[in-house]
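So the structure is just underneath, and the comments pick up after that.
Only heavy atoms go into these numbers, but all of them, side chains included; no hydrogens, no water, no symmetry mates.
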Amino acid sequence: MNNFLNVELVKFPEFDEVDEKLFESALSHFFKKVGEDAKLHLDLKQYKKGGLRIQHEVHGTLSIRGKKFFASNEDWILINTLQSVLDKLAKEVKKADSKKD
């Protein structure tokens, strides 16, 4: 998972092979949208709400061109949570870029 040097993951467990490929694909698609020079910080919090299931909360911070963007999401499935945060960050960058024009 060290293919992306501009990504910092905090408190993340080891991904299994399938989730790792999905996450790498999502990151690759994300950086194509926002630019390769962006710095991404993802922080994971997990909550046990009783039973065996764990709820995942991901907070993302994106630094690009001197600006910072923030997004977060909660879900029971970690990869869905990560993809949602990446989508929200990409939309925020696109919205900020469209306001410039």
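When all heavy atoms of Lys11 and Leu44 are compared, the closest pair comes out as O-CD2, 3.3 Å. Here the closest heavy-atom approach between residue Leu62 and residue Ala38 is recorded as CD1-CB, 3.5 Å.
For the side chain to side chain donor-acceptor pair (under 3.5 Å) condition, no pair includes a residue of residues 27-38, sequence neighbours left out.
The CZ atom of Phe15 lies 5.0 Å from the CG atom of Leu78; values are rounded to the nearest 0.5 Å. Distance CG/Leu9 to CG/Leu27: 7.5 Å, rounded to 0.5 Å. Atom CG of Asp97 sits about 7.5 Å away from atom CD1 of Ile64, to the nearest 0.5 Å. Rounded to the nearest 0.5 angstrom, Leu82 CG and Asp19 CG are separated by 9.0 Å. Here Trp76 contributes atom CH2 and Gln55 contributes atom CD; the two are 4.5 Å apart, rounded to the nearest 0.5 Å. Rounded to the nearest 0.5 Å, atoms CD (Glu14) and CD (Glu17) are 13.0 Å apart.
Linking Ile, Leu, Val, Met, Phe, Trp and Tyr residues whenever their side-chain heavy atoms come within less than 4.5 Å places Val18 and Phe12 in a single cluster. Both Ile77 and Val58 sit in one connected hydrophobic cluster of ILVMFWY residues. Membership requires side-chain heavy atoms under 4.5 Å apart, directly or through other members.
The closest side-chain heavy-atom distance from Phe69 to Val34 is not below 4.5 Å. At least one side-chain heavy atom of Leu42 sits less than 4.5 Å from a side-chain heavy atom of Phe23.
Between Lys21 and Asp16, none of the side-chain N atoms (NZ, or NE/NH1/NH2) sits under 4.0 Å from a carboxylate O, so this pair counts as no salt bridge.
With sequence neighbours left out, Asp75 forms a side-chain contact (heavy atoms from CB on, under 4.5 Å) with Asn80, Thr81. Residues satisfying the side-chain hydrogen bond (donor to acceptor under 3.5 Å, both in side chains) criterion with Ser84, sequence neighbours excluded, are Asn73. Partners of Lys68 by side-chain contact (heavy atoms from CB on, under 4.5 Å), not counting sequence neighbours, listed by chain and number: Thr61, Ser63, Phe70. Residues that satisfy the side-chain hydrogen bond (donor to acceptor under 3.5 Å, both in side chains) test with Glu8, not counting sequence neighbours, are His41. Qualifying side-chain contact (heavy atoms from CB on, under 4.5 Å) partners for Ala71, counting only residues two or more places apart in sequence or in other chains: Val85, Lys88, Leu89.
When Arg53, Glu74, Glu57 are each tested for a side-chain hydrogen bond (donor to acceptor under 3.5 Å, both in side chains) with Tyr47, only one passes: Glu57.
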